[in-house]
Amino acid sequence: MAEIHPSAIVYPGTVLGEGVKILEGAVVGKQPSLSPRSTAKREPLPPTVIGDGTIVSTGAIVFAGSTIGARVILGDQSCVRERVNVGDDVVIGRGSLVENDTTIGSMTKIQAEAYITAYSTLEESVFIAPCVVTTNDNFMGRTERRHELIKGPTIRRGARVGGGAILCPAIEIGEEAFVGAGAVVTKNVPPRKVVVGNPARVLRDVPADELLDA
């Protein structure tokens with residue numbers, strides 16, 4: 001049975017798993033309000049699904065059409081937009097925003113105030129430090145050509161992205177790669193490499209004892 005605080009709003013049709021907690025002022029199942037110029041899809045959205053044991057914390061918002069796995073923590077004032085798929089045992093930190101049409105794999109941790117842009121893919125066991133910014137549009141809203149090219153980053157299994165880093169559109173961060181704090185990543189990062197700087201450049205290999213399968 002789910003536990004819903006009296007001040008929370010859960011829209012009709014929302015599916016809540018066993019032991020879900022919806023805390024003070026949270027909103028689950030919200031329909032998007034789109035600008036006439038928005039590039040987001042406009043088809044009808046299915047109900048939000050929240051998996052067993054997940055906590056939607058104070059002031060958090062989950063839009064319609066998204067599926068949240070089991071034992072997920074959605075931090076205070078975080079927001080998950082429409083058509084987002086979040087795996088099991090994920091943490092989305094306070095004030096973080098996950099935009100539409102994004103996939104987040106199980107065991108991933110997204111810390112406070114991170115911005116995950118639309119059309120991004122984060123695989124399993126990814127770590128996103130505070131205030132990371134991802135982007136998906138090299139044209140920044142200009143020209144019609146941009147519509148077919150909009151794409152967020154792909155962050156492969158076990159990759160780590162340091163605080164305040166910026167990831168440019170459509171790049172790939174390789175499996176178990178490490179992006180240093182404040183780096184500006186303008187091109188693909190090879191697997192198991194450490195990159196730093198602006199623009200980010202390869203510094204060295206990730207130490208073997210830091211790899212997931214070590």
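Just so it is clear, the model here is predicted, and its values are computed rather than measured. Position 1 is the first residue of the sequence; numbering continues from there.
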Residue among R192, R204, R160 satisfying salt bridge (Lys or Arg N to Asp or Glu O under 4.0 Å) with E210: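 Filter result, single survivor: R160.
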Residue among K187, R157, K151, R156 satisfying salt bridge (Lys or Arg N to Asp or Glu O under 4.0 Å) with E172: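 Exactly one pass, corresponding to R156.
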Does [X] reach the main-chain N or O of [Y] with its side chain, forming a donor-acceptor pair under 3.5 Å?
X    : Y    : value
N136 : I150 : no
S96  : Q111 : yes
E176 : A159 : no
S125 : G158 : no
T102 : T121 : no
D137 : F139 : yes
S106 : D88  : no
S57  : L74  : yes
T103 : E123 : no

Looking only at non-hydrogen atoms, find the nearest pair between [X] and [Y] and report the distance.
X    : Y    : value
G29  : T48  : CA-OG1, 3.3 Å
S120 : G152 : OG-CA, 3.6 Å
V72  : G87  : CG2-O, 3.3 Å
P190 : A177 : O-CB, 3.6 Å
N188 : A170 : OD1-O, 4.4 Å
L167 : T135 : O-OG1, 2.8 Å

Report yes if the side chains of [X] and [Y] come closer than 4.5 Å at any heavy-atom pair, otherwise no.
X    : Y    : value
L122 : T154 : no
Y11  : Q31  : no
I104 : V126 : no
I116 : L97  : no
P199 : V184 : no
I55  : I22  : no
C79  : I92  : no

I would like to know whether I173 and V179 meet side-chain contact (heavy atoms from CB on, under 4.5 Å); could you show each step before the answer? CA-CA 8 Å; I173 308 298; V179 177; 4.1 Å; yes
What residues form a salt bridge (charged side-chain N to carboxylate O under 4.0 Å, His left out) with D89, not counting sequence neighbours?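 If we apply the salt bridge (charged side-chain N to carboxylate O under 4.0 Å, His left out) test to D89, skipping adjacent residues, the hits are R71.
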E24-S7 side chain donor-acceptor pair, cut-off 3.5 Å: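 No, no side-chain donor-acceptor contact under 3.5 Å.
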Mind checking the [atom1]-[atom2] spacing from [X] to [Y]? Nearest 0.5 Å is all I need.
X   : Y    : atom1 : atom2 : result
T14 : K30  : OG1   : NZ    : 13.0 Å
E3  : H5   : CD    : NE2   : 9.0 Å
I50 : T67  : CD1   : OG1   : 8.5 Å
E82 : N100 : CD    : CG    : 4.5 Å
R94 : T58  : CZ    : OG1   : 10.0 Å

Less than 4.0 angstrom from a charged side-chain N to a carboxylate O is my criterion; do D101 and R83 meet it?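 Judged by the 4.0 Å cut-off on N to carboxylate O distance, D101 and R83 do form a salt bridge.
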If two hydrophobic side chains count as joined below 4.5 Å and joins carry through other members, does [X] share a cluster with [Y]?
X    : Y    : value
L212 : V161 : no
V84  : V10  : yes
V28  : I4   : yes
V86  : L16  : yes
V189 : F127 : no

In the hydrophobic clustering (ILVMFWY, side-chain contacts below 4.5 Å, transitive), which residues join V49, or is it alone?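 Direct or chained contacts put V49 with V15.
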Cluster companions of L203 among Ile, Leu, Val, Met, Phe, Trp, Tyr (side-chain spacing under 4.5 Å):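 F178, V194, V196, V206, L211, listed by chain and number.
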Within 45° of the ring axis of F63 and under 6.0 Å from its six-membered ring centre, is that where the NZ or CZ of R81 lies?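 Output yes; distance and angle both within limits.
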